[in-house]
Amino acid sequence: MSSDSSSIAVPRRLPLLLITDNVLLPGSSMRIPVRSLKNMNMVKSRLMDRNTLRSTIIGVIPKTNGSDGIDEDVSKVHPIGTAAVVVQITGTNWPRPAYTLLVTGLCRFQVESMLQETPYPIATVKQLDKLSDDDNVEIKTSEELESLAENFREQATKLVDMLDTSIPVVAKLKKMLDSVPSQHLPDICSTIVKASFSEKIQVLDAVDLAERFKTALPLLMRQIEGLKLLRKARKEGKVEIVTRKEMGRPLNMGGVFRKADSDLDEDERDEDVDEISDLANKIKAAGMPDQAYKSAMKEVKRLKKMPAHMPEHAMIRNYLELITELPWSKGTKDTLDITQAKKDLDTDHYGLEKLKKRVIEYLAVRQLKNSLKGPILCFVGPPGVGKTSVGRSLANTLGREFHRIALGGVCDQSDIRGHRRTYIGSMPGRIIQGLRSVNTNNPVFLLDEIDKLTKGIHGDPSAALLEVLDPEQNNNFVDHYLNVPFDLSQVLFIATANNISTIPPALLDRMEIIQIPGYTAEEKMHIARRHLIPKQLKEHGLTDEQLQLPDDTVRLIITSYTREAGVRTLERRIAGICRAVAVKVLENPTQDLDLGKKEQTSQGKDESQKESASAFIHPPDMPIIIDEAALEDILGPAIFQAEMSQRLSQPGVAVGLAWTSMGGEIMFVEATRMVGEGKITLTGQLGDVMKESASLALNWVRANARKLGLESRHDLLQNTDIHIHFPAGAVGKDGPSAGITIATVLASLFTGVCVRSDTAMTGEITLRGLVLPVGGIKEKMLAAHRAGINRVILPARNRKDLHEVPESIRGEMQFVFATTLEDVLETAFDDGFPGGRSVSELQSKL
Ligand SMILES: Nc1ncnc2c1ncn2[C@@H]1O[C@H](COP(=O)(O)OP(=O)(O)OP(=O)(O)O)[C@@H](O)[C@H]1O
């Protein structure tokens, strides 16, 4: 026992751990499985801190009725218990907490009053004897006590001598006996000899030391007699007749004693045997393949042999519970009807034509082939464009269970493939956990954010996913925890990602990418009308008789309160309005209940409107119609305003178009100059490629100073430092597509001419001033349109990509195609080329 425990006094208030049919005596150790809710609550709230574990004193108190697994009644606890320290906690947290405590008894205490019973009992207690390992304690000795102790020690030594064990072990036990102070002998010996619950209770109740010697001595003597009987039987060759129970069995080396399998009471054993045979029946009924069946039955055999209090017992049980709960041969029947599938997808989602078409094709092929083998579909697009919800509709259409596995931030192989069972707290990976929770072997698994997987120190999760997604291998997928193959070939996997460039190449190779670029304002209007508003009304318990959002208001929310490619923020704003209206509705219950009375006279209405510009402050009529003023009341002032003309009112600013994983973005590129030595400073977290674009653009401007009418202004180019900034400064940017924007910004800066306020641009440049094509055209055009820009300069070779841009947007925008930087500059400024002369003019002069 730890030496520091001798300095610990038992506190007046002790949290109690109730044990059934067993008694912890001071000076001995015992493993206690935590079964009842109260004990579990106590462990969780008092013992989970490793730092204070060994210094926390708890009261271990026997309960004379019921079982600690079921009976939560604390009124029947024994009045005397043993204060103890918890030396160790073992067990698992998954799938449900199962702990075993190793406790060491310190001294007796008496319960004075129960302070609380739930969530776990706490009592005020009185310490009855000194701490068990406090050897300096002065014991009042008397002649009687001395002779009792001497006799007891003698008998204990005799018992050790009779033990059927090796000489070193006997020597060790004897040494231990010699070193134990006399006052602790009865408690320790009562623990190691075979004694019933009531006999141990008697020893516990024997607060007086002389009485304790007298109570424990018969137990010791009985053990000695048992051993004698065994020896005799051995001599006569009748060893089988003498059961271990009759002879009892001392078990310990070194002071830590534990209850052995042979000491389990019959009831406890029966209960265990019942549970195990129950598990075995479930295994037989689970319809698992041979290999899994054999492995499970092997574990059942191990479990039968293992004492219930061993930590491994709980681990094997958890494993067997998992294996019986897995859907080895349980699946749903596909209800695949292509026409119905089309209808379902159309009902659940507006637009997304390309995606829906591909999903239907996929389903048609699967139906004809009657197999799901084929590429995994991966939906790639900005957040909130409906990737997850299309996956969910697909599962509904097929009549399959749907399960989403979030992969964002997963950096450990074992998240996918599970931990080996040798680890404490091991658990299966997310695939097996998912199968257990849906309880069918053919669900739709949505691997969400597959682009956010990272490689950590514990292996590469994408390597584990390769096996899961490979139709050739996944019928034999082995989770480390399960350790037997599970057939995943019936599972329909769909992946989603925001950014294709961060998907590991090997995974990308196994998937078919379907891009979802984002919605136009008009598409968002339709989605809001058909899906988001009805959905939010329903979720907030409102009807359209209570709340109405006119088209103009929805449009205003889209343009002034959201700036996103998807519709998630839009949905959130609509939810915000619904919440505010819900409050208003409840504040005016009479109007709500009697909608007939809502029709006030039009005169009355006019008057109330005159009183305030805001319709929302006043008790509203039903339905509450959200107009611009009410919208501002609820959502606050507009968040996004048209800032184009304001920001482009000075030379040295131009609007670029960028592609990000959140969709397209517009970017105000700014440049300024100051007297210096020709240095260039670039800010806004730029990648190498973007920095190179900036140098290219600057050098082109320097090289073409004449064309720009700057030939006489060498000072501007040579004795000037230039600073170019790309907002937002905190977001990293890269890629060559800002080339023409930077060149335009520099031309504007040096010539002092402002760039057109209605124009944005994108395109890569070469040193010779050629304009090369770039990617993400659709997303960029959508972003420009969202920001109210109706004129875009883009590389001539990107003309072919414009067909991806929705017709409605193409009709509202003007596209200018450029082959060279001169083309760009000629169209980027109001009065043509900033040098004052058009390129053709220049060319004729040169
Ligand atoms: N075309 C659409 N028609 C109807 N509702 C839509 C459409 N697109 C998106 N939504 C709705 O927008 C919300 C967000 O969609 P979802 O969660 O599927 O986005 P996501 O693309 O998976 O985003 P993330 O990448 O952040 O996971 C959902 O409520 C969804 O129903």
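Bear in mind that the values here come from a model prediction, so they are computed numbers and not experimental data. One-based numbering, in listed order, for ligands and for the atoms of each.
- Comparing L352, V567, D348 against atom 10 (N) of ligand 1, the shortest heavy-atom distance belongs to V567.
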For this session: Please step through side chain to side chain contact (heavy atoms under 4.5 Å, CB included) for the pair I503 and M511, ending with a clear verdict.
Result: CA-CA 10 Å; I503 303 179; M511 298 191 289; 3.8 Å; yes
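- In terms of protein heavy-atom proximity, atom 3 (N) of ligand 1 is closest to Y350 N, 3.0 Å.
- The two atoms that bring F379 and I494 nearest to each other are CE1-CG2, 3.7 Å, heavy atoms only.
- The closest side-chain heavy-atom distance from L407 to K452 is not below 4.5 Å.
- Ranking protein heavy atoms by distance to atom 5 (N) of ligand 1, first place goes to I527 CG2, 3.8 Å.
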Problem set entry | Worked verdict on T397 versus V359 for side chain to side chain contact (heavy atoms under 4.5 Å, CB included) | CA-CA 11 Å; T397 301; V359 168; over 6 Å; no
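- Under a 4.0 Å heavy-atom criterion, V390 is not in contact with ligand 1.
- Pairing each heavy atom of A654 with each of M761, the nearest pair is CB-CE, 4.4 Å.
- Using a 4.0 Å cut-off to heavy atoms of E571, the atoms of ligand 1 that qualify are 12 (O), 13 (C), 28 (C), 29 (O).
- Looking at G386 next to ligand 1, an N or O pair under 3.5 Å apart turns up.
- Scanning the protein for heavy atoms near atom 31 (O) of ligand 1, the closest one is S389 OG, 3.6 Å.
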Solution key, residues 808-815 side-chain donor-acceptor pairs under 3.5 Å, sequence neighbours excluded:
{"residue": "R810", "atom": "NE", "partner": "L802", "partner atom": "O", "Å": "3.4"}
{"residue": "R810", "atom": "NE", "partner": "V805", "partner atom": "O", "Å": "2.9"}
{"residue": "R810", "atom": "NH2", "partner": "V805", "partner atom": "O", "Å": "3.3"}
{"residue": "E812", "atom": "OE1", "partner": "H785", "partner atom": "NE2", "Å": "2.7"}

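- Ligand 1 lies out of reach of T496, whose nearest heavy atom is not under 4.0 Å from it.
- Here the side chains of P806 and K778 are in contact, with some heavy-atom distance below 4.5 Å.
- K535 NZ, 2.6 Å is the protein heavy atom nearest to atom 29 (O) of ligand 1.
- If you check which protein heavy atom lies closest to atom 8 (N) of ligand 1, you get Y519 OH, 3.0 Å.
- Under a 4.0 angstrom heavy-atom cut-off, G566 registers as lying outside contact with ligand 1.
- Distance from atom 25 (O) of ligand 1 to its nearest protein heavy atom, with residue and atom name: K387 NZ, 2.7 Å.
- The atoms of ligand 1 that sit less than 4.0 Å from any heavy atom of N498 are 25 (O).
- Residue pairs meeting the salt bridge (Lys or Arg N to Asp or Glu O under 4.0 Å) criterion with at least one partner in residues 338-350, sequence neighbours excluded, are D346-K356.
- Under a cutoff of 6.0 Å and an axis angle of 45°, R530 and Y350 do not form a cation-pi pair.
- At the top of the distance list for atom 22 (O) of ligand 1, counting protein heavy atoms only, stands T388 OG1, 2.4 Å.
- In this structure, of Q536, E523, R568, the residue bringing a heavy atom nearest to atom 26 (O) of ligand 1 is R568.
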